[in-house]
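Working notes, beginning with the structure itself.
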Amino acid sequence: NYQMQMSLEKVAFLPFGYMIDNYRWKIFDGTISDDKLTREWVDMRARYQGIVPAVKRNETDFDPGAKYHVPASTPYIRYFVSFILQFQLHQKFCEMAGNQAVYNCNIGPSAQNPTDAGEALQKLLAAGGSKNWQDLLQEVTGSSKLEAGPIINYFQKLTEFLEEQRKQYNYPTTFNIGNIEDYLGDETLVPPATTEPPPTTEPVPITDPGTGATDPGRDTTDDTTDDSKPSPDEEDENDTVILVIGIVLGVAVVALLGAYFFFKKCRKAK
């Protein structure tokens, strides 16, 4: 159902969009103190959205910090306003196009109504930042105030359908979050587990075959040598061989090129 999909995108966002800046403003005016940042966040999420944390939270968690706009002090109310405003403009454009059903209208011109709502939209956008947005809204819609009526009208059919479903199945329409204190706690954070270092191996004393004496300070791990690593003399020999091979290949290439151009010149002479 298209309207159900739209409502999950638009309507479900409105409580969250309002709550974010409401939370920020309460911090600025001192309503929310520094020692209750997490508590008030959990409480507002429960009251506005009906959402509660899966585990208990405390003031060391600061969940709102996960939303960029909170620690960055970026206003969020503009998103809330835009969702209301888009339906308000859409309803006005539907009226311009001669369509009253805001949830199913074509705002383009038609034979019955040549008025193009696109012209009004173009006028609205062309002004850019040269005018106050409320003055532009007044010019296009006849009102300078935000109105929630259009978004309610858009989802009217869906609202009627859901009301019938509620009567039929008798499901609740209110939040049942219980006591907010059940989701808060003062548990101390468990420190992360540390990885224990690997056990050290004690050196094995070496017995001298001739005298039978032992050297406890001698570590057998140092007696093994890596036979795969070449000695300095072997490395010098390898470098010499590589140099000789490079010289031979270079001479061969020069000789081939010389022969090629020699025969080419002879063929031209003939």
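- Within the 4.5 Å cutoff, the side chain of S73 has heavy atoms near those of the R24 side chain.
- Distance OH/Y2 to OG/S7: 11.0 Å, rounded to 0.5 Å.
- The pair E40-R45 does not meet the salt-bridge criterion, since no charged nitrogen lies less than 4.0 angstrom from a carboxylate oxygen.
- Here the side chains of Y183 and R39 are not in contact, with every heavy-atom distance at 4.5 Å or above.
- Put simply, the side chain of L37 reaches to within 4.5 Å of the side chain of I32, judged on heavy atoms.
- Residues passing the ring-ring contact (aromatic ring centres under 6.0 Å, His included) test with F175, sequence neighbours excluded: none.
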- Run the side chain to side chain contact (heavy atoms under 4.5 Å, CB included) check on L85 and L137 step by step: do they pass? CA-CA 9 Å; L85 191 59; L137 189 63; 3.7 Å; yes
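- More than 12 heavy atoms of other residues, nucleotides or ligands shown are found within 6.0 angstrom of CZ on F28.
- A ring-centre distance under 6.0 Å is not found for H90 and Y103.
- Not counting sequence neighbours, the partners of F16 by the ring-ring contact (aromatic ring centres under 6.0 Å, His included) test are Y76.
- The backbone N or O of Q138 sits nowhere less than 3.5 Å from a side-chain atom of T141 that would complete a donor-acceptor pair.
- Considering only heavy atoms from C-beta on, L14 comes within 4.5 Å of I84 through its side chain.
- Side-chain atoms of N132 come within 3.5 Å of backbone atoms of Q134 as a donor-acceptor pair (strictly under, hydrogens ignored).
- More than 12 non-hydrogen atoms from other residues, nucleotides or ligands lie less than 6.0 angstrom from OH of Y171.
- Residues satisfying the side-chain contact (heavy atoms from CB on, under 4.5 Å) test with Q122, not counting sequence neighbours, are none.
- Nearest heavy atoms, D21 versus T74: OD1-O, 4.3 Å.
- The two residues L136 and G128 have their closest heavy-atom pair at CD1-O, 4.4 Å.
- Using a 4.0 Å cut-off between a side-chain N of Lys or Arg and a carboxylate O of Asp or Glu, D43 and R47 qualify as a salt bridge.
- Under the 4.5 Å side-chain contact rule for hydrophobic residues, L256 and I245 do not share a cluster.
- Partners of Y154 under the ring-ring contact (aromatic ring centres under 6.0 Å, His included) rule, at least two apart in sequence or in another chain, are F87.
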- For D35 and E59, what are the C-alpha separation, side-chain angles and deciding distance, and is it a side chain to side chain contact (heavy atoms under 4.5 Å, CB included)? CA-CA 7 Å; D35 60 341; E59 291 304 321; 5.6 Å; no
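- V55 is not connected to V52 by any chain of hydrophobic side-chain contacts under 4.5 Å among Ile, Leu, Val, Met, Phe, Trp and Tyr, and they are in different clusters.
- Closest heavy-atom contact between I107 and A117: O-CB, 3.4 Å.
- Taking the ring-ring contact (aromatic ring centres under 6.0 Å, His included) definition, one finds that Y23 meets it with W41, sequence neighbours left out.
- Between Y18 and Y48, the ring planes are perpendicular. Angles over 60° get that label, and only those under 30° would be called parallel.
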- Message: K56 vs L184, test: side chain to side chain contact (heavy atoms under 4.5 Å, CB included). Steps then yes/no.
- Response: CA-CA 5 Å; K56 287 188 175 183; L184 299 169; over 6 Å; no
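- Two residues are said to be in side-chain contact when any heavy atoms from C-beta on lie closer than 4.5 Å; L162 and M4 meet this criterion.
- Here the NZ-CE distance, from K26 to M44, works out to 4.5 Å after rounding to the nearest 0.5 Å.
- Minimum interatomic distance between Q88 and L146 (heavy atoms only, all atoms of both residues): OE1-CA, 3.4 Å.
- Minimum interatomic distance between L124 and V140 (heavy atoms only, all atoms of both residues): CD1-CG2, 3.7 Å.
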- Item | Verdict with supporting geometry, I77 and W25, side chain to side chain contact (heavy atoms under 4.5 Å, CB included) | CA-CA 11 Å; I77 197 64; W25 294 334; 4.1 Å; yes
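- A salt bridge does not link K131 to D135: none of the charged nitrogens lies less than 4.0 Å from a carboxylate oxygen.
- More than 12 heavy-atom neighbours from other residues, nucleotides or ligands sit within 6.0 angstrom of NZ on K10.
- Listed by first and then second residue, the salt bridge (charged side-chain N to carboxylate O under 4.0 Å, His left out) pairs involving residues 147-176 amount to none (not counting sequence neighbours).
- Scanning all heavy atoms of the two residues, the minimum distance from P64 to V70 falls at O-CB, 3.5 Å.
- A distance of 10.0 Å separates NZ of K92 from OG of S143, quoted to the nearest 0.5 Å.
- The line from CG of N104 to CD of Q3 is 9.0 Å long, rounded to the nearest 0.5 Å.
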